[in-house]
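These figures come from a predicted structure and were not determined experimentally. The sequence lines fix the lettering, A, B, ..., with proteins before strands; numbering per chain opens at 1.
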Amino acid sequence: MPAVAETLNTVETLTQSSYKWGFETAIEMDLAPKGLNEDTIRLISARKEEPEWLLAWRLKAFATWQKMEPPRWARVGDHPPIDFQDAHYYAAPKKKPGPKSLDEVDPELLAMYEKLGIPLKERAILAGVEGAEGEAGESDRPQVAVDAVFDSVSVATTFRSTLAKAGVIFCPISEAVREHPDLVRQYLGTVVPASDNFYAALNSAVFTDGSFVFIPKGVRCPMELSTYFRINARNTGQFERTLIIAEDGASVSYLEGCTAPMRDENQLHAAVVELIAMDDASIKYSTVQNWYPGDSEGRGGIYNFVTKRGACRGARSKISWTQVETGSSITWKYPSCILQGEGSVGEFYSVAVTNNHQQADTGTKMIHIGRDTRSTIVAKTISAGQSDSTYRGLVRMLPKASNARNHTQCDSLLIGDRCGAHTVPYIENRNMTAKIEHEATTSKISEDQLFYCRSRGLSEEDAVGLIVNGFCKDVLKELPMEFAVEAQKLLQVSLEGSVG
Amino acid sequence: MSDFLRIEGLEASIDDNGSPKPILKGIDLVIPAGEVHAIMGPNGSGKSTLSYVLAGREDYEVTGGSVSFKGQDLLAMEPEERAAAGVFLAFQAPVELPGVNNANFLRTAVNAVRRARGEEEYDAVQFLKAARTKAKALSMPEDLLKRNVNVGFSGGEKKRNEVLQMAMLNPSLAILDETDSGLDIDALRIVAEGVNALRSPSFSALVITHHQRLLDYLVPDKVHVMARGRILRTGGPELAHQLEAEGYASFLAEAA
Ligand SMILES: Nc1ncnc2c1ncn2[C@@H]1O[C@H](COP(=O)(O)OP(=O)(O)OP(=O)(O)O)[C@@H](O)[C@H]1O
Ligand SMILES: [Mg+2]
């Protein structure tokens, strides 16, 4: 299969250079000493000026974590053991007095925002330029409020006053702990308890920052909310914690984007995301994950071990996860929905792309507790190079879930013949009136298809791009408009040269 | 330009479970600019192989000979470069592209080729207008543009879709590999008209067919008889009539 082999080679050379987010930002850092013990946790808590209850909560999580073993099941455990003592658990850019204009801002930081594609006005806000916020509101493109998390701290959040007028709270979680302690205390850890799994326990002990969103009763959030997560410092883990609460009748659409520099050692990213939707509330959570995937030999890259879960507590509430996962060397991620409220709805739309030596084990859990609950799963898996991708999904119908419905569609697309795709559905039905449907397909981009496209004048990359985007369109159309195009490009870049 | 397409001593083989299997065993063929040539020959004689080799399919290894197209070494070019240079192959078995919208595919292809030729790309409106007009001329139902490329198309619809692509890509050399097979009588006439519409001093076609009927509409300048990887005889349109009446037996006996 000469064409395939050649394509693979092209893809491989291209992927080497195609991680354009692989810049490192030389910013002065405040780093905690390496190592993980109670003192590390006390230091984090002190740096964040946290109340006593939160420190106690962290320490309890740490005690739980110490008794747990890292997960070794499936292929998740196929990586060399992680030395949890050999990392920094806190890294923050050194604080300087607020700049008066963009000229005074650390050019490295601005360059980073530019590379992240953040518009100029918002860059000023993110960099903490005084008085910048008012201007940003006048932009005529769709407004997106951005929170940028840089290693362990949230650097800045845009559009806060506009959001505040609507009663929406969107701020770094460390700030929420100080400003809205009762809200945080009421909800933190109620969807993902500290004891949930090894990495959730670790996160609960050492989480440093992340976003907090609160949409009060009856409010539709007036704009998209977005967080950029960036791992920058060497030998740091990133443990962000996101908590989103939508009260009765509230709705919000939230997007996270992730990048990291190219490094030859692996770095750990272990986030926890908790979503809570009350009666008639809806939360749409989209992810475009592009952590550094490692080089074509499999060196470096991010270990992305994430726990994401949403609770549809209220009747007719809805939680929708959409993810485009192209980065990380290992991804272990199952955004889930607990469908407790009557008639609540859970959705999971996923595109997972693996190339070179990447591994992804991702999927969802739909736990149907209440009657008339519905869930939809559309998972698209694309594997190229020598990568390996698994869809792992659980659909559980509990005894009270009368008339509950699930529809699952899992499609795998293989590029070349050295990669693998696996579908592992777990189905548990304890209610006779519940209905579960599962469909799965596997296909391959064939030599015939590539030649057909090329004979019509398309380059190999364009051909792969067309086929891959066609394969993913049911998921891409779920992304907020502003990000769908970006995601399409990202897919193409991630697969450059890999196609065959 | 008298030798618009010049094929000399072309030999090609395919990898058959590890050992090369020769299929084209020395093809000589010249198509001057503006001419339409037909190739006829028994099943398995290498007609499709010749068309794939001309379009640049990499499964085939060219083991000898040369092909020049408008003075360029065609065999040194990538398939997409050949398309940009004006080569178009209507596939004997068009390939399905699940999930890829037919109009989007066509537009991407047309713009890729226009870009490579230094022409301005079509915007969405210009493209749709051109595509609809041409689809209509081919009596193609418009919904074929909205569907996925060749997926679930009937045999005849696939062939018409190939002809639509040809019309949109505006080639200077069209190779039609049994585009008439599977077409109803009306469609056959429409396809022939599609090719006739392109006829000009700067357009040539190589038409592979088993049937005299297409050649009635598309009167060729030359007819070549191909068997066992070689061109056995070249003549005028009357050669096709002779084949229709006598079959290949006498040609094969003569060659043996
Ligand atoms: N991948 C392959 N492996 C082995 N043999 C092959 C392969 N591809 C083509 N061939 C053989 O090459 C010969 C020529 O095939 P080709 O498709 O070019 O014939 P054709 O003249 O187009 O026939 P038809 O009139 O039936 O379309 C046939 O004997 C065919 O079996
Ligand atoms: Mg053939």
Expected output: side-chain [X] to main-chain [Y] donor-acceptor under 3.5 Å:
| X | Y | value |
| --- | --- | --- |
| A:Ser383 | A:Asp388 | no |
| B:Arg117 | B:Ala84 | yes |
| A:Glu478 | A:Val475 | no |
| A:Trp321 | A:Lys284 | no |
| A:Thr364 | A:Pro335 | yes |
| B:Thr179 | B:Leu176 | no |
| B:Ser51 | B:Thr49 | no |
| A:Lys380 | A:Cys410 | no |

* Structure fact -> Honestly, the part of A:Cys453 sitting under 4.5 Å from a heavy atom of chain B is both
* To do: Please state whether the side chain, the backbone, both or neither of A:Asp448 comes within less than 4.5 Å of a heavy atom of chain B.
  => both
* Asked: Using non-hydrogen atoms and a limit below 4.5 Å, what part of residues 155-168 of chain B faces chain A?
  -> B:Glu162, B:Gln165
* **Members of residues 119-147 of chain B whose heavy atoms come closer than 4.5 Å to chain A** => none
* **Heavy-atom closest pair, residues A:Ser375 and A:Asn406** => OG-ND2, 2.9 Å
Contact part of [X] toward chain A, heavy-atom cut-off under 4.5 Å: side chain, backbone, both or neither?
| X | answer |
| --- | --- |
| B:Asn148 | side chain |
| B:Leu169 | side chain |
| B:Ala90 | backbone |
| B:Glu96 | backbone |
| B:Arg57 | both |
| B:Ala55 | both |

* Charged N to carboxylate O under 4.0 angstrom, B:Glu35 versus B:Arg199? -> no
* Ring centroid separation B:Phe91 to A:Phe451 under 6.0 Å -> yes
* Does NZ or CZ of B:Lys70 fall inside the cone over B:Phe4's six-membered ring, less than 6.0 Å from its centre and within 45° of the axis? -> no
* Do A:Arg456 and A:Tyr452 meet the cation-pi criteria used here (NZ or CZ under 6.0 Å from the six-membered ring centre, within 45° of the axis)? -> yes
* Could you walk me through whether A:Thr362 and A:Thr390 pass the side-chain contact (heavy atoms from CB on, under 4.5 Å) check? -> CA-CA 6 Å; A:Thr362 182; A:Thr390 300; over 6 Å; no
* Structure fact -> Looking only at B:Val87, B:Val113, B:Asn111, B:Leu97, the option with the highest number of non-hydrogen pairs under 4.5 Å against chain A is B:Leu97
